[in-house]
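Comments concern the structure below.
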Number of protein chains: 2
Amino acid sequence: MVRKPAKSGIKSGVKVASTRKPNMREAILAAAEELFSTYGFNAVSVRDIAQAAGANPGSVTYHFKTKDGLLLEIYRRHCGPMNRRRSELLAAARRVRDLQDRLEAIVRAYVLPAFTSGSDLAGGGTRFTRLRAIMSAEGNEVVRKIIAQTFDDTSHAFIDAIHESLPHIPRTDLVWRGHFLLGALYYTLVTPERVSRLSRGSADGTDAGHAIEELVRATVAALQAAPLDQGAPAPRKMAGANPGRALT
Amino acid sequence: MVRKPAKSGIKSGVKVASTRKPNMREAILAAAEELFSTYGFNAVSVRDIAQAAGANPGSVTYHFKTKDGLLLEIYRRHCGPMNRRRSELLAAARRVRDLQDRLEAIVRAYVLPAFTSGSDLAGGGTRFTRLRAIMSAEGNEVVRKIIAQTFDDTSHAFIDAIHESLPHIPRTDLVWRGHFLLGALYYTLVTPERVSRLSRGSADGTDAGHAIEELVRATVAALQAAPLDQGAPAPRKMAGANPGRALT
DNA sequence: TGAATATTTGGACGATAGTACAAATATGGT
DNA sequence: ACCATATTTGTACTATCGTCCAAATATTCA
(Lines give C-alpha, C1' and ligand atoms only; values in the text may rest on other atoms or scores of the structure.)
Protein backbone atom coordinates (compact mmCIF):
# COMPACT_ATOMS: atom_id res chain seq x y z
CA MET A 1 0.00 0.00 0.00
CA VAL A 2 1.17 3.52 -0.52
CA ARG A 3 -0.91 5.67 1.74
CA LYS A 4 -1.64 5.81 5.43
CA PRO A 5 1.41 7.52 6.94
CA ALA A 6 0.04 7.55 10.49
CA LYS A 7 0.72 4.37 12.42
CA SER A 8 -2.18 3.24 14.50
CA GLY A 9 -1.85 3.83 18.20
CA ILE A 10 -0.65 0.32 18.84
CA LYS A 11 3.02 0.19 19.77
CA SER A 12 4.87 -2.53 17.95
CA GLY A 13 5.37 -5.69 19.98
CA VAL A 14 3.14 -4.62 22.83
CA LYS A 15 0.09 -6.73 23.49
CA VAL A 16 -3.19 -4.86 23.72
CA ALA A 17 -5.46 -6.91 25.92
CA SER A 18 -8.62 -4.91 25.38
CA THR A 19 -8.42 -5.20 21.62
CA ARG A 20 -8.40 -9.03 21.52
CA LYS A 21 -10.55 -10.14 18.65
CA PRO A 22 -13.04 -12.88 19.50
CA ASN A 23 -13.15 -13.98 15.87
CA MET A 24 -10.02 -13.13 14.01
CA ARG A 25 -11.27 -14.60 10.77
CA GLU A 26 -14.08 -12.07 10.62
CA ALA A 27 -11.77 -9.23 11.53
CA ILE A 28 -9.43 -10.14 8.69
CA LEU A 29 -12.32 -10.33 6.25
CA ALA A 30 -13.60 -6.93 7.31
CA ALA A 31 -10.18 -5.32 7.11
CA ALA A 32 -9.48 -6.83 3.70
CA GLU A 33 -12.83 -5.68 2.39
CA GLU A 34 -12.23 -2.16 3.56
CA LEU A 35 -8.70 -1.94 2.22
CA PHE A 36 -9.37 -3.63 -1.12
CA SER A 37 -12.38 -1.44 -1.78
CA THR A 38 -10.35 1.65 -1.01
CA TYR A 39 -6.98 1.05 -2.61
CA GLY A 40 -7.58 -1.86 -4.95
CA PHE A 41 -6.42 -5.44 -4.76
CA ASN A 42 -2.92 -5.00 -6.11
CA ALA A 43 -2.07 -2.02 -3.93
CA VAL A 44 -2.85 -3.75 -0.64
CA SER A 45 -0.51 -6.32 0.86
CA VAL A 46 -1.36 -9.22 3.10
CA ARG A 47 0.64 -7.52 5.80
CA ASP A 48 -1.46 -4.37 5.47
CA ILE A 49 -4.58 -6.43 6.01
CA ALA A 50 -3.14 -8.31 8.96
CA GLN A 51 -2.08 -5.11 10.65
CA ALA A 52 -5.44 -3.46 10.11
CA ALA A 53 -7.15 -6.50 11.58
CA GLY A 54 -4.74 -6.69 14.50
CA ALA A 55 -3.63 -10.10 13.33
CA ASN A 56 -0.46 -11.83 12.29
CA PRO A 57 0.29 -12.19 8.58
CA GLY A 58 0.46 -15.94 9.09
CA SER A 59 -3.13 -15.95 10.27
CA VAL A 60 -4.28 -14.73 6.91
CA THR A 61 -2.54 -17.63 5.23
CA TYR A 62 -3.98 -20.02 7.78
CA HIS A 63 -7.59 -18.94 7.26
CA PHE A 64 -7.61 -18.22 3.54
CA LYS A 65 -4.55 -19.97 2.18
CA THR A 66 -3.71 -17.26 -0.37
CA LYS A 67 -4.46 -13.61 -1.05
CA ASP A 68 -6.71 -14.68 -3.90
CA GLY A 69 -8.52 -17.02 -1.53
CA LEU A 70 -9.25 -14.09 0.72
CA LEU A 71 -10.74 -12.13 -2.14
CA LEU A 72 -12.75 -15.15 -3.17
CA GLU A 73 -14.21 -15.51 0.30
CA ILE A 74 -15.25 -11.85 0.34
CA TYR A 75 -17.18 -12.37 -2.86
CA ARG A 76 -18.74 -15.55 -1.54
CA ARG A 77 -19.89 -13.65 1.48
CA HIS A 78 -21.74 -10.96 -0.38
CA CYS A 79 -22.84 -12.30 -3.76
CA GLY A 80 -25.47 -14.64 -2.37
CA PRO A 81 -27.32 -12.20 -0.09
CA MET A 82 -27.05 -9.35 -2.56
CA ASN A 83 -28.49 -11.30 -5.47
CA ARG A 84 -31.14 -12.80 -3.23
CA ARG A 85 -32.23 -9.34 -2.19
CA ARG A 86 -32.26 -8.28 -5.81
CA SER A 87 -34.46 -11.21 -6.72
CA GLU A 88 -36.89 -10.36 -3.94
CA LEU A 89 -37.15 -6.74 -4.99
CA LEU A 90 -37.39 -7.72 -8.64
CA ALA A 91 -40.27 -10.12 -7.92
CA ALA A 92 -42.09 -7.36 -6.05
CA ALA A 93 -41.43 -4.91 -8.85
CA ARG A 94 -42.86 -7.26 -11.45
CA ARG A 95 -46.18 -7.10 -9.64
CA VAL A 96 -46.48 -3.35 -10.03
CA ARG A 97 -49.42 -2.60 -12.33
CA ASP A 98 -48.57 0.75 -13.89
CA LEU A 99 -45.93 0.19 -16.56
CA GLN A 100 -44.03 3.36 -15.83
CA ASP A 101 -43.97 2.67 -12.11
CA ARG A 102 -43.00 -0.92 -12.74
CA LEU A 103 -39.98 0.06 -14.80
CA GLU A 104 -38.84 2.42 -12.09
CA ALA A 105 -39.31 -0.28 -9.47
CA ILE A 106 -37.23 -2.71 -11.50
CA VAL A 107 -34.37 -0.27 -11.81
CA ARG A 108 -34.61 0.47 -8.11
CA ALA A 109 -34.52 -3.24 -7.37
CA TYR A 110 -31.22 -3.43 -9.20
CA VAL A 111 -29.65 -0.34 -7.69
CA LEU A 112 -30.80 -0.46 -4.08
CA PRO A 113 -29.01 -3.64 -2.93
CA ALA A 114 -25.76 -2.14 -4.17
CA PHE A 115 -26.07 0.76 -1.74
CA THR A 116 -27.78 -0.53 1.35
CA SER A 117 -25.79 -2.71 3.68
CA GLY A 118 -28.79 -4.67 4.95
CA SER A 119 -27.85 -6.34 8.22
CA ASP A 120 -24.43 -4.84 7.77
CA LEU A 121 -23.34 -7.98 5.99
CA ALA A 122 -26.32 -9.28 4.07
CA GLY A 123 -26.63 -6.98 1.12
CA GLY A 124 -23.02 -6.01 0.89
CA GLY A 125 -23.50 -2.30 0.86
CA THR A 126 -21.42 0.36 -0.75
CA ARG A 127 -18.15 -1.18 0.39
CA PHE A 128 -18.64 -4.35 -1.56
CA THR A 129 -19.96 -2.55 -4.62
CA ARG A 130 -16.99 -0.25 -4.53
CA LEU A 131 -14.80 -3.33 -4.36
CA ARG A 132 -16.52 -4.78 -7.41
CA ALA A 133 -16.00 -1.52 -9.25
CA ILE A 134 -12.29 -1.51 -8.56
CA MET A 135 -11.93 -5.18 -9.41
CA SER A 136 -13.65 -4.71 -12.74
CA ALA A 137 -11.15 -2.00 -13.59
CA GLU A 138 -8.15 -3.98 -12.43
CA GLY A 139 -9.36 -7.00 -14.37
CA ASN A 140 -8.61 -9.56 -11.67
CA GLU A 141 -8.51 -13.15 -12.84
CA VAL A 142 -10.20 -14.71 -9.81
CA VAL A 143 -13.11 -12.32 -9.93
CA ARG A 144 -13.89 -12.91 -13.58
CA LYS A 145 -15.08 -16.45 -13.00
CA ILE A 146 -17.24 -15.58 -10.02
CA ILE A 147 -18.92 -12.82 -11.94
CA ALA A 148 -19.70 -14.86 -15.01
CA GLN A 149 -21.38 -17.58 -12.98
CA THR A 150 -23.00 -15.38 -10.34
CA PHE A 151 -24.05 -12.10 -11.85
CA ASP A 152 -24.86 -12.91 -15.43
CA ASP A 153 -27.99 -14.80 -14.42
CA THR A 154 -29.19 -11.90 -12.33
CA SER A 155 -28.41 -9.46 -15.09
CA HIS A 156 -30.38 -11.55 -17.57
CA ALA A 157 -33.37 -11.63 -15.25
CA PHE A 158 -33.33 -7.85 -15.01
CA ILE A 159 -32.93 -7.35 -18.73
CA ASP A 160 -35.85 -9.69 -19.30
CA ALA A 161 -38.02 -7.83 -16.80
CA ILE A 162 -37.14 -4.51 -18.38
CA HIS A 163 -37.84 -5.94 -21.79
CA GLU A 164 -41.33 -6.88 -20.65
CA SER A 165 -41.98 -3.30 -19.64
CA LEU A 166 -40.51 -1.96 -22.87
CA PRO A 167 -41.32 -4.60 -25.48
CA HIS A 168 -40.93 -2.22 -28.40
CA ILE A 169 -37.24 -1.70 -27.68
CA PRO A 170 -34.79 -4.33 -28.93
CA ARG A 171 -33.02 -6.36 -26.28
CA THR A 172 -29.66 -5.26 -27.58
CA ASP A 173 -30.33 -1.64 -26.75
CA LEU A 174 -31.55 -2.58 -23.29
CA VAL A 175 -28.37 -4.55 -22.68
CA TRP A 176 -26.32 -1.52 -23.57
CA ARG A 177 -28.34 0.71 -21.30
CA GLY A 178 -28.09 -1.74 -18.44
CA HIS A 179 -24.36 -1.77 -19.03
CA PHE A 180 -24.30 2.01 -18.78
CA LEU A 181 -26.27 1.84 -15.56
CA LEU A 182 -23.68 -0.41 -13.99
CA GLY A 183 -20.87 1.86 -15.12
CA ALA A 184 -22.60 4.90 -13.70
CA LEU A 185 -23.25 3.07 -10.45
CA TYR A 186 -19.65 1.98 -10.09
CA TYR A 187 -18.22 5.35 -10.95
CA THR A 188 -20.49 7.09 -8.49
CA LEU A 189 -19.29 4.87 -5.68
CA VAL A 190 -15.65 5.13 -6.62
CA THR A 191 -15.48 8.92 -6.89
CA PRO A 192 -18.19 10.39 -4.69
CA GLU A 193 -16.55 13.71 -4.10
CA ARG A 194 -16.27 14.71 -7.74
CA VAL A 195 -19.96 15.47 -7.94
CA SER A 196 -19.64 17.70 -4.92
CA ARG A 197 -16.82 19.61 -6.54
CA LEU A 198 -18.38 20.01 -9.96
CA SER A 199 -21.69 21.21 -8.61
CA ARG A 200 -19.95 23.76 -6.41
CA GLY A 201 -21.33 22.43 -3.17
CA SER A 202 -24.98 22.43 -4.16
CA ALA A 203 -24.95 18.63 -4.35
CA ASP A 204 -23.35 16.19 -1.97
CA GLY A 205 -21.68 13.22 -3.62
CA THR A 206 -21.74 11.27 -0.39
CA ASP A 207 -25.51 11.45 -0.01
CA ALA A 208 -26.41 7.90 -0.95
CA GLY A 209 -30.13 8.45 -0.99
CA HIS A 210 -29.88 11.34 -3.37
CA ALA A 211 -27.43 9.47 -5.58
CA ILE A 212 -29.85 6.57 -5.88
CA GLU A 213 -32.71 8.82 -6.87
CA GLU A 214 -30.65 10.62 -9.49
CA LEU A 215 -29.38 7.35 -10.88
CA VAL A 216 -32.82 5.78 -11.05
CA ARG A 217 -34.34 8.82 -12.69
CA ALA A 218 -31.62 9.05 -15.32
CA THR A 219 -31.65 5.32 -16.02
CA VAL A 220 -35.38 5.08 -16.48
CA ALA A 221 -35.26 7.89 -18.99
CA ALA A 222 -32.34 6.29 -20.81
CA LEU A 223 -34.12 2.94 -20.99
CA GLN A 224 -37.21 4.55 -22.49
CA ALA A 225 -35.31 6.33 -25.23
CA ALA A 226 -36.12 5.39 -28.79
CA PRO A 227 -33.87 2.61 -30.05
CA LEU A 228 -31.16 3.26 -32.60
CA ASP A 229 -31.91 2.79 -36.26
CA GLN A 230 -31.16 -0.76 -37.23
CA GLY A 231 -29.65 0.77 -40.35
CA ALA A 232 -25.92 1.14 -40.78
CA PRO A 233 -23.83 1.60 -37.63
CA ALA A 234 -20.22 2.61 -38.01
CA PRO A 235 -18.07 -0.42 -38.72
CA ARG A 236 -14.82 0.59 -37.03
CA LYS A 237 -13.52 -1.63 -34.25
CA MET A 238 -12.04 -0.40 -31.03
CA ALA A 239 -8.26 -0.45 -30.99
CA GLY A 240 -6.79 -2.90 -28.51
CA ALA A 241 -10.01 -3.68 -26.72
CA ASN A 242 -8.20 -6.51 -25.06
CA PRO A 243 -10.32 -9.64 -25.26
CA GLY A 244 -9.65 -11.15 -21.85
CA ARG A 245 -11.07 -8.30 -19.86
CA ALA A 246 -13.11 -8.40 -16.71
CA LEU A 247 -16.72 -7.64 -16.02
CA THR A 248 -19.04 -6.64 -13.25
CA MET B 1 2.31 -8.08 -13.66
CA VAL B 2 0.49 -11.33 -13.32
CA ARG B 3 -0.55 -12.31 -16.81
CA LYS B 4 1.19 -12.84 -20.10
CA PRO B 5 2.65 -16.35 -19.79
CA ALA B 6 4.07 -16.38 -23.31
CA LYS B 7 7.45 -14.76 -23.57
CA SER B 8 7.82 -12.61 -26.63
CA GLY B 9 9.91 -14.10 -29.39
CA ILE B 10 12.99 -12.26 -28.26
CA LYS B 11 15.54 -14.54 -26.69
CA SER B 12 17.01 -13.13 -23.50
CA GLY B 13 20.39 -11.55 -23.92
CA VAL B 14 20.41 -11.87 -27.68
CA LYS B 15 20.51 -8.66 -29.65
CA VAL B 16 17.86 -8.26 -32.31
CA ALA B 17 19.25 -5.94 -34.91
CA SER B 18 16.09 -5.48 -36.94
CA THR B 19 14.06 -4.43 -33.88
CA ARG B 20 16.29 -1.50 -32.97
CA LYS B 21 14.10 1.37 -31.86
CA PRO B 22 14.98 4.73 -33.41
CA ASN B 23 13.39 6.54 -30.51
CA MET B 24 13.39 4.51 -27.36
CA ARG B 25 11.64 7.17 -25.35
CA GLU B 26 8.57 6.93 -27.57
CA ALA B 27 8.65 3.14 -27.48
CA ILE B 28 8.67 3.17 -23.69
CA LEU B 29 5.78 5.61 -23.59
CA ALA B 30 3.75 3.47 -25.97
CA ALA B 31 4.46 0.28 -24.08
CA ALA B 32 3.64 1.85 -20.74
CA GLU B 33 0.40 3.24 -22.10
CA GLU B 34 -0.66 -0.11 -23.42
CA LEU B 35 0.27 -2.04 -20.27
CA PHE B 36 -1.12 0.48 -17.80
CA SER B 37 -4.41 0.72 -19.66
CA THR B 38 -4.69 -3.07 -19.69
CA TYR B 39 -3.54 -4.19 -16.27
CA GLY B 40 -3.59 -1.02 -14.21
CA PHE B 41 -0.74 1.04 -12.80
CA ASN B 42 0.02 -1.04 -9.74
CA ALA B 43 0.04 -4.37 -11.55
CA VAL B 44 2.65 -3.36 -14.10
CA SER B 45 6.31 -3.12 -13.19
CA VAL B 46 8.95 -0.94 -14.73
CA ARG B 47 10.63 -4.09 -15.94
CA ASP B 48 7.47 -5.18 -17.72
CA ILE B 49 7.40 -1.89 -19.55
CA ALA B 50 11.07 -2.01 -20.44
CA GLN B 51 10.75 -5.52 -21.81
CA ALA B 52 7.67 -4.67 -23.85
CA ALA B 53 9.50 -1.69 -25.32
CA GLY B 54 12.65 -3.67 -25.97
CA ALA B 55 14.53 -1.42 -23.61
CA ASN B 56 16.57 -1.70 -20.46
CA PRO B 57 14.91 -0.96 -17.12
CA GLY B 58 17.50 1.69 -16.52
CA SER B 59 16.40 3.54 -19.63
CA VAL B 60 13.01 4.11 -18.11
CA THR B 61 14.59 5.73 -15.11
CA TYR B 62 16.82 7.77 -17.35
CA HIS B 63 13.99 9.20 -19.44
CA PHE B 64 11.27 9.58 -16.84
CA LYS B 65 13.09 9.49 -13.51
CA THR B 66 10.34 7.54 -11.71
CA LYS B 67 7.39 5.33 -12.51
CA ASP B 68 5.09 8.16 -11.50
CA GLY B 69 6.96 10.44 -13.87
CA LEU B 70 6.23 8.05 -16.69
CA LEU B 71 2.54 8.11 -15.90
CA LEU B 72 2.62 11.87 -15.68
CA GLU B 73 4.20 12.16 -19.11
CA ILE B 74 1.52 9.92 -20.63
CA TYR B 75 -1.15 12.23 -19.29
CA ARG B 76 0.70 15.28 -20.52
CA ARG B 77 0.81 13.75 -23.96
CA HIS B 78 -2.89 13.21 -24.28
CA CYS B 79 -4.75 15.71 -22.14
CA GLY B 80 -3.95 18.72 -24.26
CA PRO B 81 -4.97 17.38 -27.68
CA MET B 82 -8.03 15.60 -26.30
CA ASN B 83 -9.41 18.65 -24.56
CA ARG B 84 -8.57 20.83 -27.53
CA ARG B 85 -10.55 18.53 -29.78
CA ARG B 86 -13.39 18.59 -27.30
CA SER B 87 -13.41 22.37 -27.30
CA GLU B 88 -13.51 22.47 -31.09
CA LEU B 89 -16.41 20.05 -31.27
CA LEU B 90 -18.20 21.83 -28.45
CA ALA B 91 -17.89 25.18 -30.21
CA ALA B 92 -19.32 23.65 -33.36
CA ALA B 93 -22.12 22.01 -31.40
CA ARG B 94 -23.09 25.31 -29.81
CA ARG B 95 -23.84 26.69 -33.24
CA VAL B 96 -26.43 24.03 -34.02
CA ARG B 97 -29.85 25.68 -34.27
CA ASP B 98 -32.30 22.96 -33.33
CA LEU B 99 -32.21 22.50 -29.56
CA GLN B 100 -32.60 18.75 -29.67
CA ASP B 101 -29.87 18.39 -32.27
CA ARG B 102 -27.67 20.76 -30.39
CA LEU B 103 -27.90 18.75 -27.19
CA GLU B 104 -27.00 15.60 -29.07
CA ALA B 105 -24.08 17.35 -30.73
CA ILE B 106 -22.81 18.52 -27.36
CA VAL B 107 -22.86 15.02 -25.92
CA ARG B 108 -21.17 13.71 -29.01
CA ALA B 109 -18.50 16.36 -28.67
CA TYR B 110 -17.76 15.03 -25.21
CA VAL B 111 -17.80 11.35 -26.10
CA LEU B 112 -16.13 11.25 -29.49
CA PRO B 113 -12.62 12.42 -28.54
CA ALA B 114 -12.54 9.64 -25.96
CA PHE B 115 -12.91 6.99 -28.64
CA THR B 116 -11.16 8.26 -31.71
CA SER B 117 -7.40 8.17 -31.76
CA GLY B 118 -7.02 11.16 -34.05
CA SER B 119 -3.59 11.08 -35.62
CA ASP B 120 -2.92 8.03 -33.49
CA LEU B 121 -1.56 10.29 -30.79
CA ALA B 122 -3.48 13.52 -30.94
CA GLY B 123 -6.87 12.58 -29.62
CA GLY B 124 -5.74 9.88 -27.26
CA GLY B 125 -8.15 7.24 -28.34
CA THR B 126 -9.61 4.37 -26.42
CA ARG B 127 -6.28 3.35 -24.91
CA PHE B 128 -5.87 6.60 -23.02
CA THR B 129 -9.49 6.69 -21.94
CA ARG B 130 -9.21 3.13 -20.71
CA LEU B 131 -6.15 4.22 -18.77
CA ARG B 132 -8.07 7.06 -17.20
CA ALA B 133 -10.83 4.67 -16.25
CA ILE B 134 -8.45 2.34 -14.47
CA MET B 135 -6.63 5.17 -12.77
CA SER B 136 -9.86 6.61 -11.43
CA ALA B 137 -10.65 3.25 -9.86
CA GLU B 138 -7.18 2.78 -8.41
CA GLY B 139 -7.25 6.29 -7.01
CA ASN B 140 -3.70 7.18 -8.00
CA GLU B 141 -2.24 10.19 -6.25
CA VAL B 142 -0.36 11.63 -9.19
CA VAL B 143 -3.36 11.53 -11.47
CA ARG B 144 -5.66 13.32 -9.06
CA LYS B 145 -3.88 16.63 -9.41
CA ILE B 146 -3.68 16.49 -13.19
CA ILE B 147 -7.39 15.79 -13.43
CA ALA B 148 -8.49 18.55 -11.13
CA GLN B 149 -6.56 21.16 -13.07
CA THR B 150 -7.09 19.77 -16.57
CA PHE B 151 -10.50 18.17 -16.82
CA ASP B 152 -12.65 20.14 -14.42
CA ASP B 153 -12.59 23.19 -16.69
CA THR B 154 -13.66 21.13 -19.66
CA SER B 155 -16.36 19.44 -17.65
CA HIS B 156 -17.70 22.79 -16.52
CA ALA B 157 -17.83 24.04 -20.07
CA PHE B 158 -19.87 21.04 -21.11
CA ILE B 159 -22.23 21.31 -18.17
CA ASP B 160 -22.75 24.96 -19.01
CA ALA B 161 -23.46 24.19 -22.64
CA ILE B 162 -25.91 21.47 -21.68
CA HIS B 163 -27.55 23.81 -19.22
CA GLU B 164 -28.16 26.30 -22.00
CA SER B 165 -29.97 23.65 -23.99
CA LEU B 166 -31.96 22.52 -20.96
CA PRO B 167 -32.46 25.67 -18.89
CA HIS B 168 -35.42 24.27 -16.98
CA ILE B 169 -33.29 21.53 -15.37
CA PRO B 170 -31.23 22.46 -12.31
CA ARG B 171 -27.48 22.39 -12.77
CA THR B 172 -27.15 19.86 -9.97
CA ASP B 173 -29.10 17.23 -11.86
CA LEU B 174 -27.09 17.88 -15.00
CA VAL B 175 -23.88 17.40 -13.04
CA TRP B 176 -25.11 14.04 -11.82
CA ARG B 177 -26.07 12.95 -15.30
CA GLY B 178 -22.76 14.05 -16.71
CA HIS B 179 -21.13 12.04 -13.98
CA PHE B 180 -23.14 9.00 -15.01
CA LEU B 181 -22.12 9.53 -18.60
CA LEU B 182 -18.47 9.42 -17.66
CA GLY B 183 -18.99 6.27 -15.61
CA ALA B 184 -20.81 4.57 -18.47
CA LEU B 185 -18.10 5.63 -20.89
CA TYR B 186 -15.33 4.28 -18.69
CA TYR B 187 -17.06 1.03 -17.97
CA THR B 188 -17.77 0.44 -21.62
CA LEU B 189 -14.11 0.80 -22.48
CA VAL B 190 -12.91 -1.30 -19.59
CA THR B 191 -15.19 -4.29 -20.19
CA PRO B 192 -16.13 -4.33 -23.84
CA GLU B 193 -16.84 -8.04 -24.08
CA ARG B 194 -19.49 -8.12 -21.40
CA VAL B 195 -22.05 -6.53 -23.68
CA SER B 196 -21.32 -9.15 -26.28
CA ARG B 197 -21.91 -11.91 -23.78
CA LEU B 198 -25.09 -10.53 -22.25
CA SER B 199 -26.72 -9.84 -25.58
CA ARG B 200 -25.93 -13.37 -26.77
CA GLY B 201 -23.92 -12.30 -29.76
CA SER B 202 -26.46 -9.94 -31.24
CA ALA B 203 -24.36 -6.96 -30.19
CA ASP B 204 -20.63 -6.52 -30.43
CA GLY B 205 -19.02 -4.79 -27.47
CA THR B 206 -15.91 -4.02 -29.49
CA ASP B 207 -17.77 -2.03 -32.12
CA ALA B 208 -16.75 1.47 -31.14
CA GLY B 209 -19.08 3.24 -33.52
CA HIS B 210 -22.10 1.40 -32.24
CA ALA B 211 -21.07 1.95 -28.63
CA ILE B 212 -20.83 5.67 -29.21
CA GLU B 213 -24.28 5.84 -30.74
CA GLU B 214 -25.84 3.84 -27.93
CA LEU B 215 -24.10 5.97 -25.33
CA VAL B 216 -25.12 9.24 -26.95
CA ARG B 217 -28.72 8.14 -27.35
CA ALA B 218 -29.01 6.98 -23.74
CA THR B 219 -27.29 10.07 -22.37
CA VAL B 220 -29.41 12.56 -24.27
CA ALA B 221 -32.53 10.87 -22.94
CA ALA B 222 -31.17 10.86 -19.41
CA LEU B 223 -30.27 14.53 -19.59
CA GLN B 224 -33.76 15.45 -20.74
CA ALA B 225 -35.48 13.57 -17.92
CA ALA B 226 -37.56 15.62 -15.50
CA PRO B 227 -35.52 16.77 -12.51
CA LEU B 228 -36.02 15.29 -9.08
CA ASP B 229 -38.40 16.96 -6.69
CA GLN B 230 -36.55 19.50 -4.63
CA GLY B 231 -38.59 18.15 -1.73
CA ALA B 232 -37.08 15.72 0.76
CA PRO B 233 -34.26 13.46 -0.40
CA ALA B 234 -33.15 10.63 1.85
CA PRO B 235 -30.68 11.89 4.44
CA ARG B 236 -28.47 8.82 4.88
CA LYS B 237 -24.79 9.15 4.11
CA MET B 238 -22.72 6.59 2.31
CA ALA B 239 -20.63 4.43 4.60
CA GLY B 240 -16.90 4.90 4.21
CA ALA B 241 -17.09 6.99 1.10
CA ASN B 242 -13.44 7.68 1.60
CA PRO B 243 -12.77 11.38 1.21
CA GLY B 244 -9.45 11.30 -0.59
CA ARG B 245 -10.69 9.50 -3.66
CA ALA B 246 -9.77 10.05 -7.25
CA LEU B 247 -11.71 11.47 -10.13
CA THR B 248 -11.90 11.38 -13.88
C1' DT C 1 38.50 13.09 -36.51
C1' DG C 2 38.03 14.01 -31.76
C1' DA C 3 35.83 15.83 -27.92
C1' DA C 4 31.45 16.61 -25.66
C1' DT C 5 27.18 14.93 -24.84
C1' DA C 6 23.28 11.71 -24.87
C1' DT C 7 21.77 7.29 -24.29
C1' DT C 8 21.94 2.43 -23.14
C1' DT C 9 23.55 -1.27 -20.46
C1' DG C 10 24.01 -4.55 -16.68
C1' DG C 11 24.30 -5.07 -12.17
C1' DA C 12 23.39 -3.83 -7.55
C1' DC C 13 20.85 -1.87 -3.49
C1' DG C 14 17.38 -2.07 0.17
C1' DA C 15 12.45 -2.73 0.68
C1' DT C 16 8.64 -5.34 0.37
C1' DA C 17 5.89 -8.89 -1.76
C1' DG C 18 3.28 -13.73 -1.00
C1' DT C 19 3.74 -17.80 1.15
C1' DA C 20 5.43 -21.69 4.16
C1' DC C 21 6.37 -23.84 8.53
C1' DA C 22 7.66 -25.15 13.16
C1' DA C 23 6.95 -23.66 17.71
C1' DA C 24 3.92 -21.51 20.99
C1' DT C 25 -0.56 -20.82 22.73
C1' DA C 26 -5.67 -21.05 23.20
C1' DT C 27 -9.73 -23.84 23.17
C1' DG C 28 -13.13 -27.41 24.04
C1' DG C 29 -14.65 -31.97 25.25
C1' DT C 30 -14.07 -35.80 28.55
C1' DA D 1 -6.46 -32.16 34.56
C1' DC D 2 -5.48 -34.03 30.26
C1' DC D 3 -5.33 -34.58 25.53
C1' DA D 4 -6.58 -33.48 20.76
C1' DT D 5 -7.42 -29.94 17.99
C1' DA D 6 -7.64 -25.08 16.39
C1' DT D 7 -5.47 -20.99 16.12
C1' DT D 8 -1.79 -17.63 16.54
C1' DT D 9 2.95 -16.29 16.39
C1' DG D 10 7.54 -15.40 14.73
C1' DT D 11 10.55 -16.09 11.39
C1' DA D 12 12.50 -17.32 7.07
C1' DC D 13 12.53 -18.18 2.18
C1' DT D 14 12.49 -16.71 -2.47
C1' DA D 15 10.88 -13.43 -5.90
C1' DT D 16 10.23 -9.09 -7.45
C1' DC D 17 9.72 -4.26 -6.71
C1' DG D 18 11.50 0.89 -7.81
C1' DT D 19 15.52 3.15 -8.07
C1' DC D 20 20.35 4.07 -8.50
C1' DC D 21 25.00 4.18 -10.67
C1' DA D 22 29.30 3.44 -13.05
C1' DA D 23 30.85 1.68 -17.25
C1' DA D 24 29.97 0.97 -22.13
C1' DT D 25 28.22 2.63 -26.31
C1' DA D 26 25.93 6.05 -29.73
C1' DT D 27 25.36 10.39 -31.34
C1' DT D 28 26.36 15.11 -32.44
C1' DC D 29 28.95 18.93 -33.91
C1' DA D 30 33.11 21.94 -34.15
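Owing to the predicted nature of the structure, the values given are computational and were not obtained by experimental measurement. Every chain is numbered from 1, with letters handed out A, B, ... down the list of sequences.
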Value in whole Å for how far the P atom of dA15(C) lies from CG of Asp48(A)
17 Å
Interatomic distance where CD1 belongs to Ile49(A) and P belongs to dT19(C) [whole Å]
10 Å
Given atom CD of Gln51(B) and atom P of dT9(C), what is their separation to the nearest angstrom?
13 Å
For His63(A) and Glu73(A), test the side chains for any donor-to-acceptor distance below 3.5 angstrom and give the result as yes or no.
no
Using a 3.5 Å distance criterion without hydrogens, assess whether the side chain of Ser37(B) forms a donor-acceptor pair with backbone atoms of Glu34(B).
yes
Sugar-phosphate, base or nothing in reach of Ser59(B), heavy atoms under 4.0 Å
base
Check step by step if side-chain contact (heavy atoms from CB on, under 4.5 Å) holds for Leu185(A) and Leu182(A).
CA-CA 5 Å; Leu185(A) 171 59; Leu182(A) 194 53; 4.2 Å; yes
How many Å lie between CZ on Phe41(A) and P on dA17(C), as a whole number?
13 Å
Option among Phe128(B), Phe41(B), Phe36(B) that satisfies the ring pair (Phe, Tyr, Trp, His ring centres under 6.0 Å) test with Tyr75(B):
Phe128(B)
If I take atom CD1 in residue Ile28(A) and atom P in nucleotide dA6(D), what distance separates them, rounded to the nearest angstrom?
17 Å
Is there a residue in residues 60-71 of chain B whose heavy atoms reach under 4.0 Å of DNA chain C, and which residues are they?
Tyr62(B), His63(B)
Does Thr219(B) use its side chain to pair, donor to acceptor, with the backbone of Val216(B) at less than 3.5 Å?
no
For Arg25(B), report the nucleic acid contact type (base, sugar-phosphate, nothing); a contact means any heavy atom under 4.0 Å.
nothing
Worked verdict on Leu71(A) versus Met135(A) for side-chain contact (heavy atoms from CB on, under 4.5 Å)
CA-CA 10 Å; Leu71(A) 180 66; Met135(A) 298 311 298; 3.6 Å; yes
Quick one: which of dG10(D), dA17(C), dT9(C) gets closest to the side chain of Asn56(A)?
dG10(D)
